[in-house]
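Reviewing the structure listed below.
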Amino acid sequence: MNAIPKFNIGDLVRPDGGIQDRRIYWDEDVYQMELERVFARSWLFLAQDSLIAEKGDFLTTFMGQDRVIVTRGQDGKVRAFLNSCSHRGNIICRADSGNAKNFVCNYHGWVFGSDGRISDIPLKDEIYPKEFDENNVALKQVRVESYRGFIFGTFDDNAPSLTDYLGEMAWYFDTFMDAPGGAELLGPPTKVRIKANWKFFAENFIGDFYHAGWTHAAAIKTVGGPLMALLGNQATPQGAIQFATKYGHGFNAAPGNEEVYPHIHQGHIAEMWEDWVRSRVPVIKDRLGDERALLYNAIWDGSMFPNTSFLRGIDTWKVWQPRGPRELEVWTWTIVERDMPEELKRGIRHTNEKTFGVAGILEGDDGENMEGNTNTSEGWVTRQEPLNAEMGLGWENLESETFPSMMSEPGDNEAAQRNFLRMWHTMMTSENWDEIMARRTTEHKK
Amino acid sequence: MSGGASDIKPGSIVPLDLHYVIQSFLFKEARMLDEEQFRPWQATLTDDIHYWLPIRENRFRKDRRPEPTPENSSSVYNDDYTDIEHRIMRFETGLAWIEDPPARVRRVVSNIEAEYTDDDNELNVFSNIILYRNRRQDEEAWFVAARRDRLRMVDGQWKLARRHIVFDQHVVLDENLSVFL
Ligand code: FES
Ligand SMILES: [Fe+2]
């Protein structure tokens, strides 16, 4: 660990996750430690198959603040490696996406193949010693695995497999990712810079049903329909459940949403979406059983630890790219099912952009809250005051015979946030994945 | 169209008096939006308005993929009349906390060109816009864009039928783009 903290990192989150020291959302030392202990060791979202469908397709993205190139080689295999030249460090690829066999550094022209290895060094035989070994200047590889076409990477060879890391979340993801044909993302992502700590967003999506009726009151009143019951936090969402998984992922689901969808989508897209869901529920039931047929027809908000979030109903997929302790970039794609008619996919994309895009009628409401959560900590006295996430404390971790993970009721709950923060705490205070795995096995059920 | 003889070539610039009318239309539009007169502004849109602000990716010049369209790419705005109506309704609920207290917003419109089209009732209008937004104590944003507009004469009034906004940021650098450009 490089940072020398002025505090004991383990003291910053109360063991049950319910109380946090504000410095975890503010302090530069904590953030540098996060880059090392959380971002460099977790599975992070990189891409989805349809975004780099052809041989040679590439995109550039970030893992924490590390720039990476993700590309499909001529062998069809997806690889990822650092987007920083091993000669003098320059950025190698400055395009967001495209198609290329090679990546050429602008500084001296070193050429890297789609495997991140040197394919040419100009004048090499004339200017480098005979012993110079190109293998030593291959770009650092990312360990890449995918789950149902969703591609993730980690820098830690000792991390569990992606499937193990997803744990119970994989079972829930299958609700739409294992629908016939599977799910896909529509890009390119929209991007917006916000002056807030990335964790506030991940927590907001993982379990904060509570804010919807208040923060988003204006948008709810505009679209109308059953969501009006939530307006001004007059009621908790009926039948909603919250889920929390071993490695910190979680979500809320409010079932029975044929009534809500028509108010989220407009005109005939609403009808198409309703028809689609109605026709799919029996298919999902057949394939995956009753519980996931129920969840298929639910509105979800969720996060995958550490920095990927999603909604179902409004079909958004987001990555919270950290840019320091007090700033992030929000990257947003649309998630659809591959077998949907093209017109429905376009309609869903439109709804996502209108609600959770950069000018989204809901998205805008969140950004300012997160900035306020963050920047009030500039006050030294304020920073000493703890934050609270005790909603539903003691009512979580209900035994369930039907669902694989812990669950909590009512849906207005901060159990998933506490679980997220405890996973964060475990990673920040563990030396390696063996320790993280051992601790999470016992700690996550407490 | 006002003064539109059928032998006018599409693409040729409009005469001074018509240019003045179009310029006044754009200036007034900017002022209405600055002053949050959203309903009067909405009355200057045609029913089939398409209001579009696409994402501009960083692509290599040699990239052969087609230019983004509303169908094949992502947008910040891809609005029809109903979508714009919703944005105005949201504002009017009085529950949009981020608009309260209000921001200070100013638009500066320039580089106006107006050209005849192959439709006697429509003009292509090009302009640039700088939008300054100042919120709360000290939050500042500058947004710069080009606009490719289609104006249509409807019942003796010019109306905006199409606006394609060429926005000059890739990562939007200030929290949200919830302002009409
Ligand atoms: S820094 Fe890339 S070739 Fe020299
Ligand atoms: Fe929200």
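Numbered from 1 within each chain, the chains take letters A, B, ... in sequence-line order.
- A donor-acceptor contact shorter than 3.5 Å is absent between the side chain of D315(A) and the backbone of N352(A).
- Residue with the most contacts toward chain A among V76(B), D174(B), T82(B): V76(B) (heavy-atom pairs, distance under 4.5 Å).
- Between chain A and the options K62(B), M89(B), H86(B), the largest number of non-hydrogen pairs under 4.5 Å is found for H86(B).
- R39(B) and E92(B) are joined by a salt bridge, as a carboxylate oxygen and a charged side-chain nitrogen come within less than 4.0 angstrom of each other.
- Between H50(B) and W52(B), the ring planes lie parallel to each other; the angle is under 30°, not in the 30° to 60° tilted range.
- In this structure, the portion of Q266(A) lying under 4.5 Å from any heavy atom of chain B is its side chain and not its backbone.
- W317(A) pairs in a ring-ring contact (aromatic ring centres under 6.0 Å, His included) with only one of the listed residues (F356(A), W331(A), F150(A)), which is F150(A).
- Side-chain N or O atoms of Q48(A) include one that pairs as donor or acceptor with a backbone N or O of S50(A) at under 3.5 Å.
- Neither the backbone nor the side chain of D80(B) has a heavy atom closer than 4.5 Å to any heavy atom of chain A.
- For D83(B), the parts lying under 4.5 angstrom from a heavy atom of chain A are both the backbone and the side chain.
- Neither the backbone nor the side chain of E99(B) comes within contact range of chain A; no heavy atom of the residue lies under 4.5 Å from a heavy atom of that chain.
- When each of G360(A), G98(A), P188(A), G367(A) is checked for heavy-atom pairs under 4.5 Å with chain B, P188(A) comes out on top.
- Although no hydrogens or angles enter the test, the distance criterion places no donor-acceptor pair under 3.5 Å between the side chain of R326(A) and the main chain of E378(A).
- The backbone N or O of S75(B) lies less than 3.5 Å from a partner atom in the side chain of E353(A), making a donor-acceptor pair.
- Between chain B and the options K354(A), R346(A), K221(A), heavy-atom pairs under 4.5 Å are most frequent for K354(A).
- Contacts with chain A were tallied for P70(B), S73(B), A96(B), S178(B); S73(B) has the most, counting heavy-atom pairs under 4.5 Å.
- For R65(B), the part lying near chain A is the side chain, with the backbone staying farther off; criterion is any non-hydrogen pair under 4.5 Å.
- R148(B) places no side-chain N or O within donor-acceptor distance of the main-chain N or O of H164(B), the cut-off being under 3.5 Å.
- Judged purely by atom type and a 3.5 angstrom limit, D96(A) has no side-chain atom pairing as donor or acceptor with the backbone of E57(B).
- Contacts between W333(A) and chain B at a heavy-atom distance below 4.5 Å are absent for every atom of the residue.
- In this structure, chain A has a heavy atom under 4.5 Å from the side chain of I55(B), while its backbone stays farther away.
- Contacts of F60(B) with chain A are made by both backbone and side-chain atoms, with heavy-atom separations under 4.5 Å.
- Of the listed residues G357(A), G267(A), A218(A), the one with more heavy-atom pairs under 4.5 angstrom with chain B than any other is A218(A).
- T215(A) touches chain B through its backbone: at least one of N, CA, C or O sits under 4.5 Å from a heavy atom, while the side chain does not.
- Relative ring orientation between F143(B) and F167(B) is described as tilted, the plane-to-plane angle lying within the 30° to 60° band.
- With chain B as the partner, the residue from P189(A), A217(A), G364(A), S97(A) showing the most heavy-atom pairs under 4.5 Å is S97(A).
- Taking the six-membered ring where the residue is Trp, F103(A) and F58(A) present perpendicular rings, their angle passing 60° and hence far from 30°.
- Contacts between I220(A) and chain B at a heavy-atom distance below 4.5 Å are absent for every atom of the residue.
- For a residue to count as touching a neighbouring chain, one of its non-hydrogen atoms must lie under 4.5 Å from one of that chain's; by this rule E343(A) does not touch chain B.
- For chain A, the nearby part of R136(B) is the side chain; its heavy atoms alone come within less than 4.5 Å.
- Ring centers of F91(B) and F38(B): under 6.0 Å apart, within the cut-off.
- Of the residues considered (I194(A), T60(A), V192(A), D365(A)), V192(A) shows the highest number of contacts with chain B, using heavy-atom pairs under 4.5 Å.
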